[in-house]
Amino acid sequence: MHDINLIRKNPNQFVEEMKKRFVSVDINEILSLDEKKRSITFHLQELQNKRNNFSKDIAKLKNKKEQVEKIIIQVNEIKIDIKKKEEQLFKISNELNLILLNLPNYASSKVPVGKDESLNELVFESKEIEKKTEGLAHDEIGKNLRMMDFESAAKISGSRFVILKADLARLERALCNFMLDIHVNENGYEEISTPHLVKDDALLGTGQLPKFKEDLFSTSDNKWLIPTAEVTLTNMCRDKMLLDKELPKRYVALTNCFRSEAGAAGQDTKGMIRLHEFKKVELVSIVTKESSDAELERLTKCATKILDLLEIPYRVSMLSSGDMGFSASKTYDIEVWLPSQRTFREISSCSNCTDFQARRMNAKYKNNNNEKFFVHTLNGSGIAVGRALLSILENNQINKNSVKIPKVLMKYMSGLDKIELVDEK
RNA sequence: GGAGAGGUGGCCGAGUGGUUGAAGGCGCACGCCUGGAACGCGUGUAUGCGAGCAAUCGUAUCGAGGGUUCGAAUCCCUCUCUCUCCGCCA
């Protein structure tokens with residue numbers, strides 16, 4: 001949500017900023033709605049002031065036992081006007097809000113301006129681990145191991161679901177525990193267990209609503225399934241006044257995430273890259289406005305540390321202004337190497353949302369001088385569990401029927417060092 | 001699901017129709033006191049919006065939305081959340 005005062009002060013700059021996000025705005029409509037809104041507000045307040053003064057007069061006159069009927073007739077006329085103005089104000093405010101709620105955050109000045117991923121900027125690529133250029137796809141490996149069952153999942157739940165079995169199910173659990181342990185013990189995050197169903201307001205706060213409701217699943221009683229724990233974690237500070245010394249707040253949660261993938265028909269239909277439901281470990285930081293730049297670097301390092309420890313090749317790139325998510329001002333994507341596709345695929349996205357979500361959520365902090373500011377919010381996957389699992393399968397394949405378990409996960413797998421096909425029956 | 005009780009400022013908590021935006025307390029900030037601190041004393045301390053260069057003024061906000069009234073934190077209705085008891089249940 002943008003500050004209308006800033007837009008009014010410098011409308012041309014606002015248009016330029018939105019252009020960087022490849023969004024066109026009818027600035028004249030915004031300014032005219034704002035103008036109308038303020039004018040109506042002014043007149044409404046004048047009328048309210050009159051009414052209040054009359055009411056006070058009535059109280060005084062009644063104390064003196066004097067007649068009040070004439071004044072009451074006057075006030076009743078004012079009340080009709082007030083009602084009219086209130087209705088106008090309500091309508092105009094809604095119109096303006098709807099426009100503002102649908103405009104994305106400003107891109108940071110450090111972000112390359114570009115329409116899509118072609119202008120993303122590579123900022124880091126890991127070199128220690130060799131990138132294999134051949135190998136089976138993860139779903140082939142999973143099927144060979146007889147531990148990944150898309151057919152049953154499709155029968156039970158439909159397309160874009162998976163069932164993991166035996167050591168693969170266990171590997172998923174190991175990854176979850178490993179990541180949570182690192183973030184809690186080494187990276188200073190507080191572990192949170194959150195609901196998976198949320199109300200409209202929560203999604204409005206983080207920016208998924210009102211614009212992206214087709215990407216979400218909803219329930220029969222007007223709730224939504226979270227597409228990421230960012231929603232619940234960030235909304236924990238909604239409508240709060242925090243003290244600057246309480247910040248930063250750093251939260252980590254493991255949740256299932258639910259996405260309709262409405263715009264992705266036909267993409268990644270094979271395997272477990274793009275599912276309707278997947279597990280993800282999410283990192284969220286609530287910080288002061290001065291520290292959000294540094295926090296994004298920190299948060300991204302917390303995420304890449306997981307890949308370093310798992311010994312999976314990856315790269316980090318800064319997204320261009322057109323490729324970033326709605327609420328983000330600056331985003332680093334982390335991508336892992338997939339030998340079967342001979343390409344990097346996204347496994348984490350770390351974003352600084354500056355005060356964009358905080359304005360929507362009314363999340364503030366104050367300092368010793370009693371000055372109030374909106375908090376800055378950041379989020380990033382630390383990391384997507386399903387995609388981590390499939391990248392282990394592809395990068396650690398020993399032969400068509402066995403996969404090496406990363407050293408750091410062995411203690412979470414009772415010391416097991418590989419997963420292999422066991423011939424039963 | 002049934003019965004009852006509640007939701008007031010950063011927090012706790014008074015307040016059932018007219019200078020109540022809201023007593024009191026805690027917390028916090030500043031000052032005095034002190035060698036320094038604690039204690040004590042004093043002062044200040046909600047947010048949004050609008051007008052104004054500003055001091056300031058106006059307006060709205062006591063869970064949310066409607067209603068009654070000249071006037072609502074206070075009365076009525078709906079919704080929502082919390083708590084207690086009962087039922088059900090992982």
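In what follows, every chain begins at residue 1, and chains take the letters A, B, ... in the order their sequences are listed. It should be emphasised that the depicted structure is a prediction, and the values quoted were computed from it without experimental measurement. Computed from heavy atoms alone, side chains included, the values below leave out hydrogens, waters and symmetry copies.
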Query - Pairing residues for A:Glu29 by the salt bridge (charged side-chain N to carboxylate O under 4.0 Å, His left out) criterion, not counting sequence neighbours - result: none
Requested in this report: Ignoring backbone atoms, test whether A:Lys240 places a side-chain nitrogen or oxygen under 4.0 Å from the OP1 or OP2 oxygen of B:G9.
Outcome: no
**Report entry** A:Gln45 side-chain proximity, nearest of B:G10, B:U59, B:C70
**Finding:** B:U59
**Report entry** A:His2-A:Phe356 aromatic ring centre distance below 6.0 Å
**Finding:** yes
Query raised in the report: How far does the C1' atom of B:G6 sit from the matching atom of B:A64, given to the nearest Å?
Result: 16 Å
Report task. Taking atom types as modelled, find out whether A:Gln357 and A:Glu230 have a side-chain donor-acceptor pair closer than 3.5 angstrom. Result -> yes
**Report entry** Pair partner, B:G18 [Watson-Crick or wobble, under 3.5 Å]
**Finding:** B:C70
Report task. Select base, sugar-phosphate, or nothing to describe what A:Ile71 touches, counting heavy atoms under 4.0 Å on all strands. Result -> nothing
**Report entry** Sugar-phosphate, base or nothing in reach of A:Arg359, heavy atoms under 4.0 Å
**Finding:** nothing
Query raised in the report: Under 4.0 Å: is that the gap between some side-chain N or O of A:Arg38 and OP1 or OP2 of B:C49?
Result: no
Report task. Would you mind pulling out the nucleotide paired to B:G35, Watson-Crick or G-U wobble, both distances under 3.5 Å? Result -> none
Query raised in the report: Given that A:Arg51 and A:Lys223 both sit by RNA chain B, which one's nearest nucleotide is further toward the 5' end?
Result: A:Arg51
Requested in this report: Under 4.0 Å between any heavy atoms, over every strand shown, what does A:Lys36 touch: base, sugar-phosphate, or nothing? Just pick one.
Outcome: nothing
Requested in this report: Check the side chains of A:Asp333 and A:Asn120 for a donor-acceptor pair under 3.5 angstrom, ignoring hydrogens and angles.
Outcome: no
**Report entry** Over 12 foreign heavy atoms within 6.0 Å of NZ, A:Lys404
**Finding:** no
Query raised in the report: With both distances kept under 3.5 Å, what pairs with B:G24, Watson-Crick or G-U wobble?
Result: B:C12
Query raised in the report: How far does the C1' atom of B:A23 sit from the matching atom of B:A14, given to the nearest Å?
Result: 6 Å
Query raised in the report: If the C1' atom of B:C39 is compared with that of B:C32, how far apart are they to the nearest Å?
Result: 14 Å
Report task. Respond yes when some side-chain nitrogen or oxygen of A:Lys364 is under 4.0 Å from OP1 or OP2 of B:G48, and no when none is. Result -> yes
Report task. Mind calculating the distance between NZ (A:Lys366) and C1' (B:G27) to the nearest angstrom? Result -> 9 Å
Query - Ion pair A:Glu86/A:Lys79, N-O distance below 4.0 Å - result: no
**Report entry** Side chain of A:Asn49 - closest among B:A51, B:U59, B:G18
**Finding:** B:U59
Report task. Could you please name the option among B:C70, B:A60, B:A51 that lies closest to any side-chain atom of A:Lys62? Result -> B:C70
Query raised in the report: Would you call A:Lys289 and A:Asp355 a salt bridge, using N to O less than 4.0 angstrom?
Result: no
Query raised in the report: Which one, B:A60, B:G50, B:C70, comes nearest to the side chain of A:Val75?
Result: B:C70
Report task. Could you tell me which nucleotide pairs with B:C88 by Watson-Crick or G-U wobble geometry, both distances under 3.5 Å, or answer none if nothing does? Result -> none
Requested in this report: Would you mind pulling out the nucleotide paired to B:U43, Watson-Crick or G-U wobble, both distances under 3.5 Å?
Outcome: B:A29
Report summary line: From the candidates B:U59, B:G71, B:A51, the one with an atom nearest any side-chain atom of A:Phe42 is B:A51
Query raised in the report: Below 4.0 angstrom from OP1 or OP2 of B:C70, is there any side-chain N or O of A:Lys70?
Result: no
Query - Selected nucleotide, minimal atom distance to A:Asn52 side chain, candidates B:U69, B:G48, B:A60 - result: B:A60
Requested in this report: Using whole Å, report how far CD1 of A:Ile58 lies from P of B:U19.
Outcome: 14 Å
Report summary line: From the candidates B:U59, B:G71, B:C49, the one with an atom nearest any side-chain atom of A:Ser55 is B:G71
**Report entry** Residue mapping more 5' on RNA chain B - nearest nucleotide basis, A:Ile4 or A:Asn53
**Finding:** A:Ile4
Report task. Name the closest nucleotide to the A:Asn76 side chain, picking from B:C70, B:G50, B:G10. Result -> B:C70
Query - Atom C1', compared across B:G13 and B:G7: separation rounded to whole Å - result: 13 Å
Query - Residue matched to B:G52 through Watson-Crick or wobble contacts both under 3.5 angstrom - result: none
Requested in this report: Please determine, for B:G6, whether a Watson-Crick or G-U wobble partner exists with both distances under 3.5 Å, and give it or none.
Outcome: B:C81
Query raised in the report: Between A:Glu311 and A:Lys407, is the closest basic N to carboxylate O distance under 4.0 Å?
Result: yes
**Report entry** Separation of the C1' atoms in B:A55 and B:C62, to the nearest angstrom
**Finding:** 30 Å
Query raised in the report: Roughly how far apart, to the nearest Å, are B:C28 and B:C11 at atom C1'?
Result: 11 Å
Query raised in the report: Which whole number of Å gives the distance between the P atom of B:C76 and that of B:U69?
Result: 16 Å
Query raised in the report: How far, in whole Å, is B:U16 from B:U74 if one measures between their C1' atoms?
Result: 5 Å
